[in-house]
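To start, the structure itself, in structure tokens.
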Amino acid sequence: MMLPATPAPVTLPVHGQTGHFPVRRIFCVGRNYAEHSREMGGDPTREAPFFFTKPADAVVLSGATIPYPPRTSDLHHEAELVVAIGKGGANIPLADAPAHIWGHAAGNDLTRRDVQAQAKAARRPWDMAKGFDHSAVIGLLHAGPLPDGAITCTVNGRVTQSARLSDMIWSVPEIIAELSTYITLAAGDLIFTGTPAGVGPIARGQTCTVTIDGLSPAIITLA
Ligand code: MN
């Protein structure tokens, strides 16, 4: 029997240049904005942010129309800053963390909220709530540093999430330092850095847009 063909590499288009950024792994931060932690039933004063993952081939580029995912009737948007790692390392000191960043993008951590609620109730993993096909929406990648700015999500033009990146509980350097104590970060890794309050459903036929000051938007339409 013939072996399957080698899968095509997952890459991200880059703002202002023709080269593409090769995606290695996708890490995500949970409960990194205090108000969102509270809306999910958590207590940000007692519980630190934490990590989960998505497969690299969950990436879908901005502008796509995707099918409504199977096995859910409560697909939610989560507007997030995505950090692209350009230089790997383990146990990265906080002061060195910015030098490991290649660039940034706007992202949407699409979530089967009903499946996640069932997993939480049964104390089971979140994988099928978070790591499904087309669940990692990413806008054009921008090289270089990113100052503090606004992060906003709209569904068919109605604002659902609005916050500042500086509202994060763990800053981007703190996320990189912390994550690199669990795994050795590598060039090509992406980190979804958590979502502000206001997560909610996207229905069939609706368009969801994540905007972050200084970055290209991450736009998705559900078929
Ligand atoms: Mn998220």
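Whatever order the structure lists ligands and atoms in, that order sets their numbers, starting from 1. Small disclaimer: the values here were computed from a predicted structure and weren't measured. The chain is numbered in sequence order, starting from 1.
For Glu78, the N/O/S atom at the shortest distance from the Mn ion (ligand 1) is named OE1. The Mn ion (ligand 1) sits nearest to atom OD2 when only the N, O or S atoms of Asp109 are considered. The N, O or S atom of Glu80 lying closest to the Mn ion (ligand 1) is OE2.
One hydrophobic cluster, built from ILVMFWY side chains closer than 4.5 Å, cannot hold both Leu140 and Ile138; they sit in different ones.
Closest approach of Ile169 to Pro44, counting heavy atoms only: CD1-CB, 4.0 Å.
Taking the ring axis of Phe50 as reference, the NZ or CZ atom of Arg31 does not stay both within 45° of it and closer than 6.0 Å to the ring centre.
To the nearest 0.5 Å, atom CD of residue Gln161 and atom OG1 of residue Thr152 are 9.0 Å apart.
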